[in-house]
Each structure stands twice: as structure tokens, then as C-alpha cells.
Protein chains: 2
Amino acid sequence: MKFSKATDYALHALVYMIHRDGERTKIPVQDLSLALNVSTTYLSKVLTRIVKANYISSTSGAKGGYRLQQNWENVSVYDIVVAIDGVQTLFEDSFDHGEECRIQAAMMEAQENLISTLKNKRLKDLTV
Amino acid sequence: MKFSKATDYALHALVYMIHRDGERTKIPVQDLSLALNVSTTYLSKVLTRIVKANYISSTSGAKGGYRLQQNWENVSVYDIVVAIDGVQTLFEDSFDHGEECRIQAAMMEAQENLISTLKNKRLKDLTV
DNA sequence: CCAATTATAGATATTATAAATCTATTATAT
DNA sequence: ATATAATAGATTTATAATATCTATAATTGG
């Protein structure tokens with residue numbers, strides 16, 4: 001019952017990017033990799049998912065790198081979690097006790113509270 | 001990012017026991033195993049943890065089995081989760097950004113909301 | 001005491017998933 | 001053309017959850 005390390009890496013990478021955003025410069029994965037002490041290949045693989053989700057952009061080649069999208073301030077922590085881990089169910093009921101299963105319902109409710117907290121946290125909140 | 005199957009099994013076993021509690025009879029793992037379609041050995045291993053946590057009692061030997069403790073109505077879903085999975089942190093920050101790390105803080109807050117929801121759900125609520 | 005029943009413990013095996021690496025490929029700037 | 005940088009796919013490694021197996025201890029009833 002854990003968030004993935006990949007999500008951790010992604011969030012820290014994003015915070016780093018935000019702090020350097022004044023420069024409006026593309027940041028190569030090498031920089032991020034150095035800052036976070038995570039291998040370039042793996043971090044790149046992680047960030048590619050954030051690119052796919054359109055929260056950052058990427059450009060290949062010399063002077064390329066990753067850059068925040070304009071709308072980054074509206075991106076929530078939950079958005080990043082989903083971009084990395086996909087939509088997860090915290091609880092997979094092994095038994096088919098149908099819709100009215102109270103155990104399922106209780107877990108769902110807890111999960112909803114977890115998610116809504118993360119939806120209300122924006123990347124901006126992590127950096128101000 | 002999931003609760004364990006073991007927790008699922010434990011909760012369903014407990015609900016089953018509660019439904020049969022009128023009899024005040026010891027329920028052998030064999031019965032539970034049949035009801036849930038989980039192997040006796042594994043289920044037993046799971047339930048032993050609930051015994052250790054003192055939410056049910058067990059007696060070995062013929063006519064033995066598991067029985068709810070008197071205080072079962074006050075046991076929360078979170079109590080069971082902890083009895084099975086231990087106290088978990090939903091998020092393990094790989095970086096030591098100290099106490100004031102906002103990412104860590106955001107995840108913690110979300111986790112707290114998850115936990116408090118489960119603390120407020122009692123086994124009783126799963127069965128009434 | 002004996003036989004049957006039942007929980008527990010410890011070791012081990014199995015499976016699943018996350019984490020990470022490696023190699024090759026594609027794109028871009030100079 | 002060359003150096004730089006992201007991406008993709010295959011593969012490996014690590015870790016944890018799930019499950020089984022075997023042996024042991026406790027209890028009941030004859």
C-alpha cells in the first residue's frame with residue numbers, strides 16, 4: 001500500500017523544474033538526474049509519462065530537454081500520480097458481494113478522501 | 001498502492017463471524033475457508049494476526065476455533081488494516097528534504113484523511 | 001492414554017510488480 | 001556531420017505479497 005517511487009521522482013523533478021522556471025530554459029534530464037541522484041535513463045522514462053500527459057513538453061537533440069507547460073500551476077498532485085501510476089484502486093475486493101458490500105464501500109470512501117486531498121494540492125502549493 | 005488481499009480476507013472473515021455471532025460458537029478456520037474460498041492454512045495465518053491483536057480469540061484442539069472478543073463492536077477497519085499490514089506509510093520519500101518538504105507534507109495529509117476515514121468505520125458499521 | 005481435531009510456527013515456494021539497466025533509434029542544434 | 005538529447009523496447013534485478021507444506025502444540029472425547 002504505497003505510492004510508487006516513480007511518482008516520488010516525478011514530483012521532485014517537477015518541483016526542481018518549477019524552481020528553475022524563471023530561466024524558462026529547457027532542462028535536460030541530466031540536470032534533473034544529478035539533482036535527484038537517479039539514473040538518467042530511468043528518470044527519463046518516468047518523465048516521458050508526464051510528457052504524454054501533457055504537463056511538461058520535451059524536445060530532443062542538442063539544447064533540448066524538458067520544460068513546464070504554461071498551465072502547470074493548475075496541475076494537481078493527483079494528476080501526477082495518475083500520469084505515473086495510472087488510476088488505481090486502493091482496494092481490490094476478492095469477493096463478489098455486489099454493489100452493496102460494506103467493506104468495499106468503506107474502502108471506497110477512504111480512497112475518495114485520499115484522492116480529493118491530492119486533487120486539491122496543486123504543484124504550485126508544493127513550491128510557494 | 002493497494003491494501004493487501006490479506007486485509008480483504010480478514011475483513012470478510014470477520015463479517016462472516018459477526019453474522020454467525022448469535023450462536024456464540026467457536027468457528028473453525030475450515031468453515032471460514034469454505035465460506036471465503038481461501039485455503040485454510042493461509043487464512044489461518046491471516047487470522048492469527050487478528051488474534052495477536054486481540055480482536056478475536058482462538059482455541060486449539062477439537063471443538064476449537066475462532067471467536068470474536070467482547071469488544072468487537074469498537075474495533076475499527078483501520079485497526080484490522082494495522083493488525084494485518086502493520087502501520088504503513090503510503091509514501092516513502094526517497095529524498096531527505098527534511099521536515100518542511102512540501103511533497104512529503106501533501107502526501108502525509110492525504111494519508112491522514114485516508115486513515116481517519118478508516119478509523120471512523122467500525123466493524124459494526126460493516127454489518128448492521 | 002489414544003485418536004481426532006484444530007491452531008500456530010517456520011521454512012519454503014510461487015507470483016506479481018516495481019525498479020532499474022541496456023541498447024538502439026529518432027530528433028535537433030550548430 | 002557531429003554532438004546532444006529524448007524515446008522505445010527488451011531485459012534484468014529486486015522486493016514484497018501470496019500461498020503452500022510440514023511439523024508442532026493444544027484440546028476434546030472416548
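Atom set for the values below is all heavy atoms of this structure, side chains included, hydrogens, waters and symmetry mates excluded. Since the structure is predicted, the reported quantities are computational estimates derived from the model, not experimental observations.
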S.K.: Measure from NZ on B/Lys45 to C1' on C/dT6 and round the result to the nearest Å.
M.R.: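 These atoms are roughly 16 Å apart.
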S.K.: Salt bridge check, A/Asp31 against A/Arg20: does any charged N sit closer than 4.0 Å to a carboxylate O?
M.R.: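 Yes, this pair counts.
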S.K.: For A/Thr41 and B/Tyr66, take the nucleotide of DNA chain C holding the closest heavy atom to each; which residue's nucleotide lies nearer the 5' end?
M.R.: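 Result of the comparison: B/Tyr66.
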S.K.: Give a yes or no on whether the backbone of A/Asp125 and the side-chain of B/Arg102 come within a donor-acceptor separation of less than 3.5 Å.
M.R.: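 Yes; judged by distance alone, with no hydrogens or angles, the pair exists.
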S.K.: Go along nucleotides 24-30 of chain C 5' to 3' and tag each nucleotide: B for a protein heavy atom under 4.0 Å from its base, S when only backbone or sugar atoms are that close, - otherwise.
M.R.: ---BBS-
S.K.: Could you tell me the separation between the CG atom of B/Asn37 and the C1' atom of D/dA19, rounded to a whole number of Å?
M.R.: 14 Å
S.K.: For a quick check of understanding: with a heavy-atom distance under 4.0 Å over all strands, which category does B/Val38 fall into, base, sugar-phosphate or nothing?
M.R.: nothing
S.K.: Taking any heavy-atom pair under 4.0 Å as a contact, classify A/Ser44: base, sugar-phosphate, or nothing.
M.R.: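 Touches a base.
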S.K.: Do B/Leu14 and B/Ile56 make a side-chain contact, defined as non-hydrogen atoms from C-beta onward lying under 4.5 Å apart?
M.R.: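 With C-beta onward as the side chain, the pair touches.
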S.K.: Roughly how many Å is it from CZ in B/Phe3 to P in C/dT17, rounded to a whole number?
M.R.: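 Taking CZ of B/Phe3 and P of C/dT17, I get 18 Å after rounding.
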S.K.: Starting at atom NZ of A/Lys5, determine the distance to atom C1' of C/dA20, rounded to an integer number of angstrom.
M.R.: 10 Å
S.K.: Which residue pairs pass the side chain to side chain donor-acceptor pair (under 3.5 Å) test when at least one of the two sits in residues 47-60 of chain A, sequence neighbours left out?
M.R.: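 Every side chain to side chain donor-acceptor pair (under 3.5 Å) pair that includes a residue of residues 47-60 of chain A, provided the two are not neighbours, is A/Asn54-A/Gln69.
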S.K.: C/dT8, OP1 or OP2 - any side-chain N/O from B/Ser58 closer than 4.0 Å?
M.R.: yes
S.K.: Over how many whole Å does the gap from B/Leu36 atom CG to D/dT18 atom C1' extend?
M.R.: 16 Å
S.K.: Between A/Ser39 and C/dA20, is there a contact of a side-chain N or O with OP1 or OP2 at under 4.0 Å?
M.R.: no
S.K.: Would you mind reading off the distance between B/Tyr42 atom OH and C/dG10 atom C1', rounded to a whole angstrom?
M.R.: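 Roughly 16 Å, once rounded to whole Å.
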S.K.: Grab the CG-C1' distance between B/Asp8 and D/dT18 for me, whole Å please.
M.R.: 13 Å
S.K.: Would you check if the side chain of A/Asp79 reaches a backbone N or O of A/Ser76 as a donor-acceptor pair within less than 3.5 Å?
M.R.: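 Present.
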S.K.: Between B/Lys2 and A/Thr89 (side chain of the first, backbone of the second, donor and acceptor by atom type, cut-off under 3.5 Å), is there such a pair?
M.R.: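 Confirmed, B/Lys2 side chain pairs with A/Thr89 backbone.
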S.K.: Mark yes or no for whether B/Asp21, through its side chain, and B/Ile18, through its backbone, hold a donor-acceptor pair below 3.5 Å.
M.R.: no
S.K.: Does any donor atom in the side chain of B/Asp85 or B/Thr7 lie under 3.5 Å from an acceptor atom in the other side chain?
M.R.: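 Their side chains do contain a donor-acceptor pair, which is all the 3.5 Å distance test asks for.
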S.K.: We want to know whether A/Thr117 and A/Asn120 form a side-chain donor-acceptor pair, criterion being a heavy-atom distance below 3.5 angstrom.
M.R.: no
S.K.: D/dA19 P sits how many Å from B/Arg49 CZ, rounded?
M.R.: 12 Å
S.K.: At 10 degrees resolution, what angle do the end axes of the helix from C/dC1-D/dG30 to C/dT30-D/dA1 form when each is taken over five base pairs?
M.R.: 10°
